[in-house]
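Remember, it's 1-based here, ligands and their atoms both numbered in the order they're listed.
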Amino acid sequence: RQNKIALRPLAGKKVVVTAGGTVERIDPVRYISNDSSGKMGFAIAKAACELGADVVLIAANTKLAPPSGVKVISLESAKEMYDAVAAEWNDTDILVKSAAVADYRPKEVSEQKIKKSGDTMTLELVKNIDILETFGRLKTSQFLIGFAAETTNVEHYAMDKLHRKNCDLLVANDVTKAGAGFGIDTNVVSIYDGDGLVESLPLQSKDEVGLRIMELAAQRLSGAKL
Ligand code: CTP
Ligand code: CA
(Lines give C-alpha, C1' and ligand atoms only; values in the text may rest on other atoms or scores of the structure.)
(Ligands and ions follow the chains in the order given, each with its own letter.)
Protein backbone atom coordinates (compact mmCIF):
# COMPACT_ATOMS: atom_id res chain seq x y z
CA ARG A 1 0.00 0.00 0.00
CA GLN A 2 2.87 2.35 0.82
CA ASN A 3 4.25 1.65 -2.60
CA LYS A 4 0.94 2.39 -4.26
CA ILE A 5 0.76 5.84 -2.68
CA ALA A 6 4.33 6.61 -3.73
CA LEU A 7 3.60 5.53 -7.29
CA ARG A 8 0.41 7.60 -7.48
CA PRO A 9 1.48 10.84 -5.78
CA LEU A 10 -1.26 12.84 -7.50
CA ALA A 11 -4.13 10.59 -6.39
CA GLY A 12 -7.10 12.76 -5.40
CA LYS A 13 -5.65 15.82 -7.16
CA LYS A 14 -7.28 17.59 -10.09
CA VAL A 15 -4.90 18.59 -12.84
CA VAL A 16 -6.07 20.89 -15.64
CA VAL A 17 -3.85 20.93 -18.72
CA THR A 18 -4.27 23.28 -21.68
CA ALA A 19 -2.74 22.11 -24.94
CA GLY A 20 -2.48 23.00 -28.60
CA GLY A 21 -2.67 26.34 -30.33
CA THR A 22 -5.71 28.56 -30.18
CA VAL A 23 -7.66 29.37 -33.33
CA GLU A 24 -8.84 32.93 -33.78
CA ARG A 25 -11.49 33.17 -36.47
CA ILE A 26 -11.42 35.75 -39.23
CA ASP A 27 -14.48 34.39 -41.04
CA PRO A 28 -16.17 30.97 -41.33
CA VAL A 29 -13.32 29.47 -43.37
CA ARG A 30 -10.24 31.42 -42.22
CA TYR A 31 -8.36 31.83 -38.99
CA ILE A 32 -5.12 32.82 -37.26
CA SER A 33 -3.29 30.13 -35.35
CA ASN A 34 0.22 28.84 -34.67
CA ASP A 35 2.39 25.75 -35.08
CA SER A 36 1.63 24.13 -31.73
CA SER A 37 0.75 20.45 -32.18
CA GLY A 38 -0.45 19.85 -28.64
CA LYS A 39 2.06 17.02 -28.12
CA MET A 40 3.67 18.49 -25.00
CA GLY A 41 0.33 19.15 -23.33
CA PHE A 42 -1.02 15.71 -24.20
CA ALA A 43 2.15 14.13 -22.77
CA ILE A 44 1.66 16.10 -19.56
CA ALA A 45 -1.98 15.02 -19.32
CA LYS A 46 -0.93 11.38 -19.80
CA ALA A 47 1.77 11.70 -17.14
CA ALA A 48 -0.60 13.34 -14.65
CA CYS A 49 -3.05 10.49 -15.24
CA GLU A 50 -0.33 7.89 -14.67
CA LEU A 51 0.56 9.61 -11.39
CA GLY A 52 -3.04 9.18 -10.25
CA ALA A 53 -4.58 12.60 -10.89
CA ASP A 54 -8.05 13.38 -12.22
CA VAL A 55 -7.14 15.11 -15.45
CA VAL A 56 -9.01 17.63 -17.57
CA LEU A 57 -7.34 18.28 -20.91
CA ILE A 58 -8.43 21.52 -22.58
CA ALA A 59 -7.31 21.17 -26.18
CA ALA A 60 -7.27 23.67 -29.02
CA ASN A 61 -6.74 22.61 -32.64
CA THR A 62 -4.93 19.31 -32.16
CA LYS A 63 -5.15 16.21 -34.29
CA LEU A 64 -3.95 13.92 -31.51
CA ALA A 65 -5.81 11.03 -29.94
CA PRO A 66 -6.47 11.91 -26.30
CA PRO A 67 -4.79 9.79 -23.62
CA SER A 68 -7.24 7.32 -22.09
CA GLY A 69 -8.79 8.16 -18.75
CA VAL A 70 -8.62 11.89 -19.37
CA LYS A 71 -11.61 14.25 -19.71
CA VAL A 72 -11.11 16.21 -22.92
CA ILE A 73 -12.63 19.59 -23.73
CA SER A 74 -12.03 20.64 -27.34
CA LEU A 75 -12.31 24.27 -28.31
CA GLU A 76 -10.83 26.93 -30.55
CA SER A 77 -10.21 30.43 -29.25
CA ALA A 78 -8.35 32.02 -26.34
CA LYS A 79 -11.67 33.33 -25.04
CA GLU A 80 -13.16 29.83 -25.04
CA MET A 81 -10.03 28.50 -23.36
CA TYR A 82 -10.27 31.18 -20.68
CA ASP A 83 -13.92 30.25 -20.03
CA ALA A 84 -13.06 26.53 -19.87
CA VAL A 85 -10.22 27.10 -17.37
CA ALA A 86 -12.51 29.37 -15.32
CA ALA A 87 -15.19 26.66 -15.19
CA GLU A 88 -12.65 24.16 -13.79
CA TRP A 89 -10.77 26.60 -11.57
CA ASN A 90 -12.39 26.28 -8.12
CA ASP A 91 -11.31 22.71 -7.43
CA THR A 92 -8.17 22.73 -9.59
CA ASP A 93 -5.00 21.68 -7.75
CA ILE A 94 -2.56 22.09 -10.64
CA LEU A 95 -3.04 24.19 -13.78
CA VAL A 96 -0.59 23.52 -16.61
CA LYS A 97 -0.64 26.17 -19.35
CA SER A 98 1.18 24.38 -22.12
CA ALA A 99 -1.14 25.77 -24.82
CA ALA A 100 0.18 28.32 -27.27
CA VAL A 101 -2.43 31.03 -26.87
CA ALA A 102 -2.72 33.60 -29.65
CA ASP A 103 -1.72 37.00 -28.28
CA TYR A 104 -4.17 38.79 -30.62
CA ARG A 105 -7.43 38.01 -32.38
CA PRO A 106 -9.24 39.73 -35.23
CA LYS A 107 -11.26 42.66 -33.90
CA GLU A 108 -14.24 41.67 -36.05
CA VAL A 109 -15.23 38.13 -36.94
CA SER A 110 -17.08 38.19 -40.24
CA GLU A 111 -20.15 35.96 -40.34
CA GLN A 112 -19.81 35.62 -44.11
CA LYS A 113 -16.75 34.58 -46.04
CA ILE A 114 -14.85 37.80 -46.78
CA LYS A 115 -14.77 38.62 -50.48
CA LYS A 116 -11.61 39.62 -52.30
CA SER A 117 -11.58 43.33 -53.17
CA GLY A 118 -8.68 45.85 -53.19
CA ASP A 119 -4.95 45.15 -53.69
CA THR A 120 -4.22 45.33 -49.99
CA MET A 121 -6.20 44.27 -47.00
CA THR A 122 -5.77 45.25 -43.37
CA LEU A 123 -6.90 43.06 -40.55
CA GLU A 124 -7.22 44.81 -37.22
CA LEU A 125 -6.24 42.70 -34.22
CA VAL A 126 -7.00 43.20 -30.54
CA LYS A 127 -5.17 41.68 -27.59
CA ASN A 128 -6.45 38.47 -26.04
CA ILE A 129 -6.80 38.08 -22.31
CA ASP A 130 -3.71 36.49 -20.73
CA ILE A 131 -5.19 33.36 -19.18
CA LEU A 132 -2.18 32.38 -17.09
CA GLU A 133 -1.63 35.91 -15.79
CA THR A 134 -5.30 36.22 -14.84
CA PHE A 135 -5.36 32.97 -12.86
CA GLY A 136 -1.92 33.79 -11.44
CA ARG A 137 -3.56 36.82 -9.83
CA LEU A 138 -6.54 34.80 -8.62
CA LYS A 139 -4.63 31.84 -7.26
CA THR A 140 -5.01 30.74 -3.68
CA SER A 141 -3.77 27.18 -3.23
CA GLN A 142 -3.52 26.25 -6.91
CA PHE A 143 -0.12 25.26 -8.29
CA LEU A 144 0.57 27.00 -11.60
CA ILE A 145 2.89 25.76 -14.31
CA GLY A 146 3.59 28.10 -17.20
CA PHE A 147 5.44 27.53 -20.45
CA ALA A 148 7.63 29.70 -22.61
CA ALA A 149 8.99 29.01 -26.08
CA GLU A 150 11.84 31.40 -26.73
CA THR A 151 14.44 31.98 -29.40
CA THR A 152 16.85 34.20 -27.39
CA ASN A 153 17.63 35.06 -23.73
CA VAL A 154 15.70 32.02 -22.54
CA GLU A 155 16.46 32.33 -18.83
CA HIS A 156 15.75 36.05 -18.73
CA TYR A 157 12.34 35.72 -20.44
CA ALA A 158 11.49 32.59 -18.46
CA MET A 159 12.07 34.31 -15.13
CA ASP A 160 10.22 37.41 -16.28
CA LYS A 161 7.17 35.33 -17.24
CA LEU A 162 7.34 33.25 -14.07
CA HIS A 163 7.20 36.38 -11.89
CA ARG A 164 4.76 38.34 -14.06
CA LYS A 165 2.27 35.45 -14.16
CA ASN A 166 2.84 34.29 -10.56
CA CYS A 167 3.79 30.74 -11.62
CA ASP A 168 5.18 28.08 -9.28
CA LEU A 169 7.17 26.50 -12.10
CA LEU A 170 7.97 27.68 -15.58
CA VAL A 171 9.04 25.32 -18.34
CA ALA A 172 11.13 27.03 -21.00
CA ASN A 173 12.29 25.68 -24.29
CA ASP A 174 14.72 27.19 -26.73
CA VAL A 175 12.92 26.42 -29.96
CA THR A 176 16.06 27.07 -32.02
CA LYS A 177 17.67 23.95 -30.49
CA ALA A 178 17.64 20.68 -32.45
CA GLY A 179 15.11 18.31 -30.94
CA ALA A 180 13.04 21.06 -29.30
CA GLY A 181 9.86 22.79 -30.29
CA PHE A 182 6.69 22.50 -32.27
CA GLY A 183 5.34 19.36 -33.85
CA ILE A 184 8.08 16.88 -32.93
CA ASP A 185 8.11 14.07 -30.36
CA THR A 186 11.12 15.31 -28.39
CA ASN A 187 11.91 18.41 -26.38
CA VAL A 188 14.77 20.13 -24.59
CA VAL A 189 13.54 22.17 -21.63
CA SER A 190 14.76 24.00 -18.57
CA ILE A 191 12.51 24.27 -15.54
CA TYR A 192 12.55 27.35 -13.30
CA ASP A 193 10.99 28.33 -9.99
CA GLY A 194 10.98 31.65 -8.14
CA ASP A 195 14.62 31.11 -7.09
CA GLY A 196 15.87 30.40 -10.62
CA LEU A 197 16.87 27.26 -12.50
CA VAL A 198 15.56 24.00 -11.00
CA GLU A 199 16.87 21.68 -13.70
CA SER A 200 17.80 21.52 -17.35
CA LEU A 201 16.60 18.30 -18.95
CA PRO A 202 18.60 16.66 -21.73
CA LEU A 203 16.97 15.94 -25.10
CA GLN A 204 14.26 13.37 -24.47
CA SER A 205 10.77 12.39 -25.53
CA LYS A 206 7.88 14.70 -24.70
CA ASP A 207 6.41 11.80 -22.69
CA GLU A 208 9.55 11.75 -20.50
CA VAL A 209 9.56 15.54 -20.18
CA GLY A 210 5.88 15.48 -19.23
CA LEU A 211 6.48 12.87 -16.56
CA ARG A 212 9.39 14.81 -15.05
CA ILE A 213 7.32 18.03 -14.93
CA MET A 214 4.45 16.27 -13.18
CA GLU A 215 6.80 14.48 -10.75
CA LEU A 216 8.30 17.83 -9.78
CA ALA A 217 4.82 19.33 -9.35
CA ALA A 218 3.77 16.38 -7.17
CA GLN A 219 6.85 16.79 -4.97
CA ARG A 220 6.30 20.53 -4.62
CA LEU A 221 2.62 20.06 -3.86
CA SER A 222 3.46 17.60 -1.09
CA GLY A 223 5.80 20.18 0.43
CA ALA A 224 9.07 18.58 -0.64
CA LYS A 225 11.47 20.78 -2.57
CA LEU A 226 13.86 18.54 -4.44
N1 CTP B 1 -0.51 32.52 -22.02
C2 CTP B 1 -1.84 32.60 -21.65
N3 CTP B 1 -2.66 33.50 -22.27
C4 CTP B 1 -2.21 34.31 -23.24
C5 CTP B 1 -0.84 34.23 -23.64
C6 CTP B 1 -0.02 33.32 -23.00
O7 CTP B 1 -2.27 31.87 -20.75
N8 CTP B 1 -3.04 35.17 -23.82
C9 CTP B 1 0.37 31.57 -21.32
C10 CTP B 1 0.88 30.44 -22.19
O11 CTP B 1 -0.03 29.35 -22.19
C12 CTP B 1 2.20 30.09 -21.52
C13 CTP B 1 2.66 31.42 -20.94
O14 CTP B 1 1.49 32.24 -20.85
O15 CTP B 1 2.04 29.19 -20.45
C16 CTP B 1 3.71 32.11 -21.73
O17 CTP B 1 3.26 32.32 -23.05
P18 CTP B 1 4.14 33.19 -24.02
O19 CTP B 1 3.45 33.34 -25.34
O20 CTP B 1 5.53 32.62 -24.01
O21 CTP B 1 4.19 34.58 -23.23
P22 CTP B 1 3.61 36.01 -23.51
O23 CTP B 1 3.32 36.62 -22.18
O24 CTP B 1 2.46 35.97 -24.48
O25 CTP B 1 4.83 36.78 -24.13
P26 CTP B 1 5.44 36.82 -25.63
O27 CTP B 1 4.55 36.02 -26.55
O28 CTP B 1 5.50 38.28 -25.97
O29 CTP B 1 6.82 36.21 -25.50
CA1 CA C 1 2.55 34.99 -26.56
Side-chain angles (χ1 to χ4, degrees), residues 15-25 31-45 47-48 56-62 73-89 92 94-107 125-139 142-177 180-183 187-194 198 206 209-210 212-214 216-217 220:
V15 177
V16 175
V17 183
T18 71
T22 65
V23 165
E24 309 297 337
R25 287 272 156 206
Y31 60 81
I32 296 173
S33 192
N34 58 66
D35 283 333
S36 174
S37 63
K39 282 181 179 170
M40 195 61 249
F42 274 55
I44 288 167
V56 179
L57 176 57
I58 298 173
N61 199 26
T62 74
I73 299 171
S74 296
L75 41 69
E76 286 198 337
S77 67
K79 173 72 174 69
E80 289 166 354
M81 184 171 281
Y82 172 83
D83 290 341
V85 173
E88 302 293 339
W89 176 249
T92 294
I94 303 175
L95 172 63
V96 190
K97 282 285 357 269
S98 42
V101 182
D103 291 328
Y104 297 91
R105 68 176 181 280
K107 187 175 181 190
L125 304 179
V126 293
K127 202 178 241 169
N128 272 328
I129 189 166
D130 193 307
I131 303 168
L132 185 56
E133 195 175 321
T134 303
F135 289 98
R137 263 187 257 115
L138 292 174
K139 95 174 175 192
Q142 294 87 352
F143 190 92
L144 288 199
I145 305 178
F147 273 72
E150 306 290 350
T151 55
T152 57
N153 296 323
V154 178
E155 172 147 12
H156 171 79
Y157 288 125
M159 289 306 290
D160 174 61
K161 283 172 190 172
L162 181 135
H163 289 303
R164 191 153 41 88
K165 306 192 187 205
N166 201 15
C167 296
D168 297 284
L169 290 175
L170 192 122
V171 181
N173 49 359
D174 178 344
V175 290
T176 62
K177 274 205 188 112
F182 293 122
N187 210 352
V188 186
V189 307
S190 295
I191 304 173
Y192 299 86
D193 69 9
V198 176
K206 285 184 176 172
V209 174
R212 185 63 195 141
I213 292 166
M214 290 321 297
L216 272 174
R220 298 287 173 111

Which residue supplies the protein heavy atom nearest to [atom], what is that atom called, and how far is it?
| atom | result |
| --- | --- |
| atom 6 (C) of ligand 1 | Lys165 NZ, 3.7 Å |
| atom 20 (O) of ligand 1 | Lys161 NZ, 2.7 Å |
| atom 8 (N) of ligand 1 | Ile129 O, 2.8 Å |
| atom 15 (O) of ligand 1 | Lys97 O, 2.6 Å |
| atom 3 (N) of ligand 1 | Ile131 N, 3.0 Å |
| atom 16 (C) of ligand 1 | Phe147 O, 2.9 Å |

Give yes or no for whether the N/O distance cutoff of 3.5 Å, strictly under, is met between [X] and ligand 1.
| X | value |
| --- | --- |
| Ala149 | no |
| Ser98 | no |
| Ala100 | no |
| Ala148 | no |
| Val101 | no |

Exercise check, heavy-atom protein proximity under 4.0 Å to atom 28 (O) of ligand 1: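 No, because not a single protein heavy atom sits under 4.0 Å from atom 28 (O) of ligand 1.
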
Where the side chain of [X] meets the backbone of [Y], is there a donor-acceptor pair that is under 3.5 Å apart?
| X | Y | answer |
| --- | --- | --- |
| Glu24 | Tyr104 | no |
| Gln142 | Lys139 | no |
| Asn34 | Ala100 | yes |
| Asn173 | Val188 | no |
| Thr22 | Ala102 | yes |

[X] heavy atoms, cut-off 4.0 Å: which ligand 1 atoms fall inside?
| X | answer |
| --- | --- |
| Ala99 | 10 (C), 11 (O) |
| Arg164 | 23 (O) |
| Gly146 | 15 (O) |
| Asp103 | 5 (C), 24 (O), 27 (O) |

Please examine the side chains of [Y] and [X], heavy atoms only from C-beta on, and report whether any two atoms are closer than 4.5 Å.
| X | Y | answer |
| --- | --- | --- |
| Leu162 | Cys167 | yes |
| Met214 | Ile94 | yes |
| Asn128 | Tyr82 | no |
| Leu75 | Ile58 | yes |
| Ile44 | Ile145 | no |
| Thr62 | Ser37 | no |
| Leu169 | Phe143 | yes |
| Lys97 | Phe135 | no |

Tell me, which protein N/O/S atoms are under 3.0 Å away from the Ca ion (ligand 2)?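 Near the Ca ion (ligand 2), below 3.0 Å, one finds Asp103 OD1, Asp103 OD2.
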
Does Ala78 come within less than 4.0 angstrom of ligand 1, counting non-hydrogen atoms of the residue?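 The answer is no: ligand 1 sits nowhere under 4.0 Å from a heavy atom of Ala78.
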
Result of checking His156, His163, Arg164 against Asp160 for side chain to side chain donor-acceptor pair (under 3.5 Å): Arg164

